[in-house]
Asks: 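To start, I am sharing the structure in question, which I have written as structure tokens.
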Amino acid sequence: MTIASFKRAICATAISSSLLLTGCVIHVSPGQIAEQKQQDLSVSAVNLNELKIDAEAGSLNIKGNNNATAITVKANIYVAKGDETYTLTLEKHGDTAELISKLNNGSLSASSIMVAYRFTVVHHLILI
């Protein structure tokens, strides 16, 4: 994949995400992407009943799996400014797993970051 086609794909993802997320406008210009990284997180699904997601911007793809023994998250993070610091955590609190995704240095700006999340979860979890 060339850089140009990669940037077009990112732009298309941002546009489609903005259409799917009610009340949320996301715009990441391909020319503004300074850094792209992937982060993988996982937590055991034993004794879990709920998954709480607190994500400031991006697209979510959540897939239930009858054979899953853990909640896994693959996040592709696209940052427009090289000095932006970003936190992505997945933690277990009692019977709830909680994903927190936020920009550390101030409020998340739609023009500064976009995250594409791909979850695999145990099929019985309640999403909150």
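Computed from a predicted structure; not experimentally measured.
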Asks: Between atom CG of Leu51 and atom NZ of Lys92, what is the distance when rounded to the nearest 0.5 Å?
Replies: 12.5 Å
Asks: Under 3.5 Å, sequence neighbours excluded: what are the donor-acceptor pairs made by side chains of residues 64-72?
Replies:
{"from": "Asn65", "atom 1": "OD1", "to": "Asn67", "atom 2": "N", "distance (Å)": "2.7"}
{"from": "Asn65", "atom 1": "OD1", "to": "Ala68", "atom 2": "N", "distance (Å)": "3.4"}
{"from": "Asn66", "atom 1": "OD1", "to": "His123", "atom 2": "ND1", "distance (Å)": "3.0"}

Asks: Could you tell me which residues satisfy side-chain hydrogen bond (donor to acceptor under 3.5 Å, both in side chains) with Ser44, sequence neighbours excluded, listed by chain and number?
Replies: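 In terms of side-chain hydrogen bond (donor to acceptor under 3.5 Å, both in side chains), with neighbours along the sequence ignored, Ser44 is linked to no residue.
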Asks: Output all residues satisfying side-chain hydrogen bond (donor to acceptor under 3.5 Å, both in side chains) with Gln39, sequence neighbours left out; order by chain, then residue number.
Replies: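 Not a single residue meets the side-chain hydrogen bond (donor to acceptor under 3.5 Å, both in side chains) criterion with Gln39.
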Asks: Flag the pair Leu88 / Leu41 as yes when at least one side-chain heavy-atom distance between them is below 4.5 Å, and no otherwise.
Replies: yes
Asks: Do other residues, nucleotides or ligands put more than 12 heavy atoms under 6.0 Å from the CG atom of Asn47?
Replies: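 Count not over threshold, so no.
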Asks: What about Leu127 and Val122, same hydrophobic cluster or not, with Ile/Leu/Val/Met/Phe/Trp/Tyr joined at side-chain heavy-atom distances under 4.5 Å?
Replies: yes
Asks: How far does CD1 of Ile62 sit from CZ of Arg118, to the nearest 0.5 angstrom?
Replies: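 Rounded to the nearest 0.5 Å, the CD1-CZ separation comes to 13.0 Å.
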Asks: Go through the structure and list residues passing side-chain contact (heavy atoms from CB on, under 4.5 Å) with Lys63, not counting sequence neighbours.
Replies: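 Not a single residue meets the side-chain contact (heavy atoms from CB on, under 4.5 Å) criterion with Lys63.
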Asks: With a 4.5 Å limit on heavy-atom distance, are the side chains of Phe119 and Ile53 in contact?
Replies: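 Yes, their side chains come closer than 4.5 Å.
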Asks: Please enumerate all residues that pass salt bridge (charged side-chain N to carboxylate O under 4.0 Å, His left out) together with Asp40, with sequence neighbours excluded.
Replies: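 Asp40 satisfies salt bridge (charged side-chain N to carboxylate O under 4.0 Å, His left out) with Lys74 only.
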Asks: Output, in order, the C-alpha distance, side-chain angles, deciding distance and verdict of side chain to side chain contact (heavy atoms under 4.5 Å, CB included) for Asn76 and Tyr117.
Replies: CA-CA 7 Å; Asn76 289 309; Tyr117 306 94; over 6 Å; no
Asks: Measure the CD1-NZ distance between Ile77 and Lys37 for me, rounded to the nearest 0.5 Å.
Replies: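 Taking CD1 in Ile77 and NZ in Lys37, the distance rounds to 5.5 Å.
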Asks: Got a sec, which residues hit salt bridge (charged side-chain N to carboxylate O under 4.0 Å, His left out) with Glu98, two or more places apart in sequence or on another chain?
Replies: Lys52
